[in-house]
Amino acid sequence: MLGAPEPALSLPKACPELVEGGLDLETWETMPGRLLPRAFFAEPPEQVAPRLLGKLLAHRTGGRLLAGRIVEAEAYLGPHNDPPDPAAHAHRGPTPRNRVLFGPAGHAYVYAIYGRYFCMNISCEAEGRAGCMLLRALEPVAGAGQMALNRGLAPGAPAKLLASGPSRLCQALGLTRLRHNGLDLADPASPLQVRDDGFAVSEVLVTARIGVHEAADRPLRFALPGNKCVSGPKSLTGECILLG
DNA sequence: ACTCGGATTCTCT
DNA sequence: GAGAATCCGAGTA
């Protein structure tokens, strides 16, 4: 656990320059909300993933803040689980690529995919034990204009096109393996953090994971029901659970 | 050393 | 709905 919780800072609800250009950090002491402590992440991914929904992923870059609300995440299980999760990068044990997943919880695991994209995960479980959550979609909260630029889109592009999909999300926030893999998300000094601004989530949609071919039927994808920024086909159904 | 295919996205039909 | 783009990590020899 970290020390005294930082004071919560609420954002102006509809500040156009904030939403468009990104928060100017010269005028703001801290990022919005409260930094999530490491303990939040030090649990199995199927438990942490649903709790991640509604939290903010915040990236401080170029003197600006790019932030979005997490609306979709998937759990990938480490090799200590029974049954195992063959879809997980960590399921055969540590390798040079996935070593972050076997370290302490709350660190970024960013990897390259298809030679042109990145995906971002957050490590979880106790140190020495692997597990992670893949961040699949954000609803833009700050810096939508910059996100559009990062994505090669016009400044007024629809929110749905900015960070809906794991690699779109990385593109929008400017996340790369070289610069962000291994970052400690629970460090108050980190440019990349997960924060809680008090957004309440009561219901969560649970479905199979997208794009995996092994363990394809396991209910390990979690999303905010009805949110327009959730990725994937609408035909992908599942059940709604109440968050405990 | 060599092969295989991927936790994706975009474009075109 | 199908096919291409495009690199490297991981498994096999």
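These numbers were taken from a predicted model, which means no experiment stands behind them. Convention: sequence-line order gives letters A, B, ...; per-chain numbering from 1.
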Pairs of donor and acceptor atoms involving the side chains of residues 73-83 of chain A, under 3.5 Å and at least two apart or interchain, shall be tabulated with distances.
{"from": "A:E74", "atom 1": "OE1", "to": "A:Y76", "atom 2": "OH", "distance (Å)": "2.7"}
{"from": "A:E74", "atom 1": "OE2", "to": "A:I210", "atom 2": "N", "distance (Å)": "2.8"}
{"from": "A:H80", "atom 1": "NE2", "to": "A:E125", "atom 2": "OE2", "distance (Å)": "3.1"}
{"from": "A:N81", "atom 1": "ND2", "to": "A:G78", "atom 2": "O", "distance (Å)": "2.8"}

Extract all donor-acceptor atom pairs below 3.5 Å that involve side chains of residues 160-174 of chain A and protein atoms in other chains or at least two apart in sequence.
{"from": "A:K160", "atom 1": "NZ", "to": "A:V230", "atom 2": "O", "distance (Å)": "2.8"}
{"from": "A:S164", "atom 1": "OG", "to": "A:K160", "atom 2": "O", "distance (Å)": "2.9"}
{"from": "A:S164", "atom 1": "OG", "to": "A:C229", "atom 2": "O", "distance (Å)": "2.6"}
{"from": "A:S167", "atom 1": "OG", "to": "A:F118", "atom 2": "O", "distance (Å)": "2.9"}
{"from": "A:R168", "atom 1": "NH1", "to": "A:S164", "atom 2": "O", "distance (Å)": "3.3"}
{"from": "A:Q171", "atom 1": "OE1", "to": "A:R151", "atom 2": "NH1", "distance (Å)": "2.6"}

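Within residues 219-239 of chain A, no residue has any heavy atom under 4.0 Å from DNA chain C. Looking at residues 101-129 of chain A, you'll see A:Y114, A:G115, A:R116 sit with a heavy atom under 4.0 Å from some atom of DNA chain C.
Considering every non-hydrogen atom in both A:V48 and A:C124, the closest pair reads CG2-CB, 4.5 Å. In plain terms, the two heavy atoms of A:T176 and A:R179 that are nearest each other are OG1-N, 3.2 Å. Of all the heavy atoms in A:D184 and A:G106, the pair that sits closest is OD1-O, 3.6 Å. Between A:C132 and A:P45 the shortest heavy-atom distance is O-CB, 3.4 Å.
For DNA chain C, the span of nucleotides reached by chain A at under 4.0 Å from its heavy atoms goes, 5' to 3', from C:dA5 to C:dG11.
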Verdict with supporting geometry, A:K55 and A:F40, side-chain contact (heavy atoms from CB on, under 4.5 Å): CA-CA 12 Å; A:K55 304 298 187 292; A:F40 177 92; 4.2 Å; yes
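Formation of a donor-acceptor pair under 3.5 Å by the A:E46 side chain with backbone atoms of A:L220 is not found in this model. Using modelled atom types, one side-chain atom of A:N98 and one backbone atom of A:T95 make a donor-acceptor pair closer than 3.5 Å.
Rounded to an integer number of Å, the gap from CG of A:L153 to P of B:dT9 is 13 Å. B:dA7 atom C1' lies 12 Å from atom CD of A:E214, rounded to whole Å. As rounded to whole Å, 14 Å separates atom C1' of B:dG6 from atom CZ of A:R209. Nucleotide B:dA7 holds its P atom 16 Å from the CZ atom of A:R218, rounded to whole Å. The distance from atom NE2 of A:H89 to atom P of B:dG6 is 10 Å, rounded to the nearest whole Å.
Applying the salt bridge (Lys or Arg N to Asp or Glu O under 4.0 Å) test to A:E43 and every residue at least two apart in sequence or in another chain returns A:R51. Among residues two or more places apart in sequence or in another chain, the ring-ring contact (aromatic ring centres under 6.0 Å, His included) test is passed with A:Y111 by A:H89, A:Y109. Legend: residues meeting salt bridge (Lys or Arg N to Asp or Glu O under 4.0 Å) with A:R69, ordered by chain and number and at least two apart, are A:D197. Applying the ring-ring contact (aromatic ring centres under 6.0 Å, His included) rule to A:H91 yields no partners; only residues at least two apart in sequence or on another chain are considered.
Summarising the geometry, atom CG belonging to A:N227 is positioned 12.0 Å from atom CD1 belonging to A:I70; distances are rounded to the nearest 0.5 Å. To the nearest 0.5 angstrom, A:S202 atom OG is 11.5 Å from A:L53 atom CG. Distance CG/A:N121 to CZ/A:R136: 11.0 Å, rounded to 0.5 Å.
Where DNA chain C pairs in unbroken runs of 3 or more (Watson-Crick or G-U, both distances under 3.5 Å), the stems are B:1-6 with C:7-12, B:8-12 with C:1-5.
Between A:D85 and A:R209, at least one side-chain N (NZ, or NE/NH1/NH2) sits under 4.0 Å from a carboxylate O, which counts as a salt bridge.
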Restricting to nitrogen or oxygen on both sides, can you table the protein-nucleotides 2-5 of chain B pairs closer than 3.5 Å?
none

Write out a two-atom table: protein N or O, nucleotide N or O from nucleotides 11-13 of chain B, distance below 3.5 Å.
none

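OP1 or OP2 of B:dC10 sits under 4.0 Å from a side-chain N or O of A:R151.
Within the 4.5 Å cutoff, no side-chain heavy atoms of A:M147 are placed close to those of A:L153.
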